[in-house]
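Have a look at the structure below before the remarks.
Reckoned from all heavy atoms, side chains included, excluding hydrogens, waters and symmetry mates. Every chain is numbered from 1, with letters handed out A, B, ... down the list of sequences. This is a predicted model, so every value here is computed, not measured.
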2 protein chains.
Amino acid sequence: MTTAGYYAAVDWGTSSFRLWIIGEDGAVLAERRSAEGMTTAAKTGFHTILDGHLAAVSAPAHLPIIICGMAGARQGWKEAGYIETPAALAEIAGRATAIPDVDRDIRILPGLAQRDRRHPDVMRGEETQLLGAAAHLGAGSHLVCMPGTHSKWVRLADDRVEGFSTFMTGELFDTIARHTILSHAVAEADTFAAGSAAFTDAVSRTRENPALATNLLFSVRAGQLLHGTAAADARAQLSGTLIGLEIAGALAGSGSVDGVCLVGSGGLGTLYRTALESQGLNVRAVDADEAVRAGLSAAARAIWPL
Amino acid sequence: MTTAGYYAAVDWGTSSFRLWIIGEDGAVLAERRSAEGMTTAAKTGFHTILDGHLAAVSAPAHLPIIICGMAGARQGWKEAGYIETPAALAEIAGRATAIPDVDRDIRILPGLAQRDRRHPDVMRGEETQLLGAAAHLGAGSHLVCMPGTHSKWVRLADDRVEGFSTFMTGELFDTIARHTILSHAVAEADTFAAGSAAFTDAVSRTRENPALATNLLFSVRAGQLLHGTAAADARAQLSGTLIGLEIAGALAGSGSVDGVCLVGSGGLGTLYRTALESQGLNVRAVDADEAVRAGLSAAARAIWPL
């Protein structure tokens, strides 16, 4: 082990790449971020991209690398498989897949799969955030919300994943805003205030009556035509309707829930916190970037103990 | 009035144009169909397109023309305004807008608007189908389903529109199938059987638990990854989830409903009939093409009595 680092941790998603060089004491010694996600890497080459970033931070030749995310998908660098739920988070490190025929020790963490024929579901990357977040949560049962393109809601009990559900919220928001008649209503606003009444009102209305979701979406357009709804409010309504539907679904059949652990960051984290609190839920926030780094580190220390 | 026709009836939608020459006895003397909807006509010119079709069927120079649909939208030929709900269907003909400065008598029928700030909604074209369908329905209260890009559900009482709700079902289906991660799951199938268990099962599951709609959408992808769901079944699940959500929403708060008037045609009509009957609803079907022609004819005869 050189003084220049203990291991490198990589979060390699569909459209983003992040790398941290971590020291023996857990300190972040260097960081790299780029848009070279799986989509780009599948063309450019995963090894080439990784080597470029390691060279840029003068990483030692034999620094081991731990990776999570879509690099482990079938269409990624090497398929890293899935651990089946219910699953202990501790299994994640033990089931890492090594990249063969390379000079370094490079391992990709597996995803989680729920094979239940009525509720099939998969995650890849979020399991590592969970592993990192779990250290903050302690024993007992937790409902964890991980917002994103495909939001994940996880039922965690004593560091075991009991089950989870994915909601297509983020992808639907982008697709509807770009490709449907609502694009006319939202086009002139890039963003909206998380605290706007248009947002929290849409969250509440959809949570109360989720069956009306696709009607409430059309009413965004009708409201613009008939009442001149401002673009920022229209965007807030679209977002609030989809997030309200997600919250209604995630809490359906969960019995009484008073608190949610929110693993998010940036504007999206703020938006979900606002939405959850508007529904009377206590939110315990864990930063998503820190969680994924903590999860990668927990796995690295299990695989390569000091 | 020439023997060659009493009036021409035109259904001018966003992406389609249909014209019928109708005789004094109500017979269809000639018919034209094309893809020159509002989108095309806004570039080519509405008058040019209409004249071309009239010339193709040798229509008399002064044949009057009745038009419904998006030709009356703000971005259409001439804005034909909206009648506000609650509204008697008989008002439709009385509020037609004439095209100025043309040799013929050309009128565009208005749409319907529901200005309620909590449930703003609009329709343009379907009001004319309703006018035509109402002749089949008789007095009393009816719940009318008009499937399409933007499905309309209308509460009709004694030829008055009490209120209506639009669901973005058709547009969401197309957009999700083309532009989201589900495109991988459905790409290899253009269609599916309306009677497939995958379709009716998805309708039932979403109607039972509409809050899970965007989770059930993701499970289409997860089912393909984990269980190799066939593309036709994946497409049926996507369609069934969106139609099940629509039915759940349309019936929410309607009290007990045992019958629905379905104004549809072709494959989409069959699909909705299957979905509605799978939910134990009695379906009374009215052909959508006949309904719009009947509605245009009812308006024409009110405007230009024999």
Taking A:Glu171 for the side chain and B:Ile181 for the main chain, is one N or O donor matched with an acceptor at less than 3.5 Å? yes
Measure the shortest side-chain to side-chain distance between A:His227 and B:Pro120 over non-hydrogen atoms and say whether it is less than 4.5 angstrom. yes
Is it true that, when you exclude B:Glu188 itself, more than 12 heavy atoms of the residues, nucleotides or ligands shown sit nearer than 6.0 Å to its CD? no
Among A:Ala250, A:Ala252, A:Ala113, A:Ser165, which residue has the highest count of heavy-atom pairs closer than 4.5 Å to chain B? A:Ser165
Taking every heavy atom of B:Leu245 against every heavy atom of A:Ala213, the minimum-distance pair comes out as CD2-CB, 4.5 Å
Please state whether the side chain, the backbone, both or neither of B:Arg117 comes within less than 4.5 Å of a heavy atom of chain A. both
Region of A:Arg205 that comes under 4.5 Å of a non-hydrogen atom in chain B: side chain
Per-residue tally against chain A (heavy atom, under 4.5 Å) across B:Thr229, B:Val220, B:Thr169, B:Leu226 peaks at B:Leu226
Can you tell me which residue among B:Leu172, B:Ile176, B:Thr175 is in a side chain to side chain contact (heavy atoms under 4.5 Å, CB included) with A:Thr175? B:Thr175
Heavy-atom distances under 4.5 Å only: say whether B:Leu216 touches chain A with side chain, backbone, both or neither. neither
Residue among A:Gln114, A:Arg118, A:Arg74, A:Arg178 with most heavy-atom pairs under 4.5 Å to chain B: A:Arg118
Mind ranking B:Leu242, B:Thr206, B:Asp201 by heavy-atom pairs under 4.5 Å with chain A and telling me who comes out on top? B:Asp201
When you look at B:Leu225 and A:Tyr82, which way does the side-chain contact (heavy atoms from CB on, under 4.5 Å) test go after all the steps? CA-CA 11 Å; B:Leu225 284 174; A:Tyr82 294 110; 4.1 Å; yes
NE2-CZ distance between A:His119 and B:Phe218, expressed to the nearest 0.5 angstrom: 15.0 Å
Taking it one step at a time, do B:Trp153 and A:Asn215 satisfy side-chain contact (heavy atoms from CB on, under 4.5 Å)? CA-CA 10 Å; B:Trp153 284 72; A:Asn215 169 241; over 6 Å; no
Looking at A:Arg221 and B:Asp121, is there a salt bridge between them, counting it only when a charged N and a carboxylate O are closer than 4.0 Å? no
Do A:Thr180 and B:His150 make a side-chain contact, defined as non-hydrogen atoms from C-beta onward lying under 4.5 Å apart? no
The interface call for A:Leu182 against chain B, heavy-atom contacts under 4.5 Å, is side chain
Please state whether the side chain, the backbone, both or neither of B:Asn209 comes within less than 4.5 Å of a heavy atom of chain A. side chain
Apply side-chain contact (heavy atoms from CB on, under 4.5 Å) to A:Phe167 and B:Leu217, showing your working. CA-CA 8 Å; A:Phe167 296 81; B:Leu217 291 178; over 6 Å; no
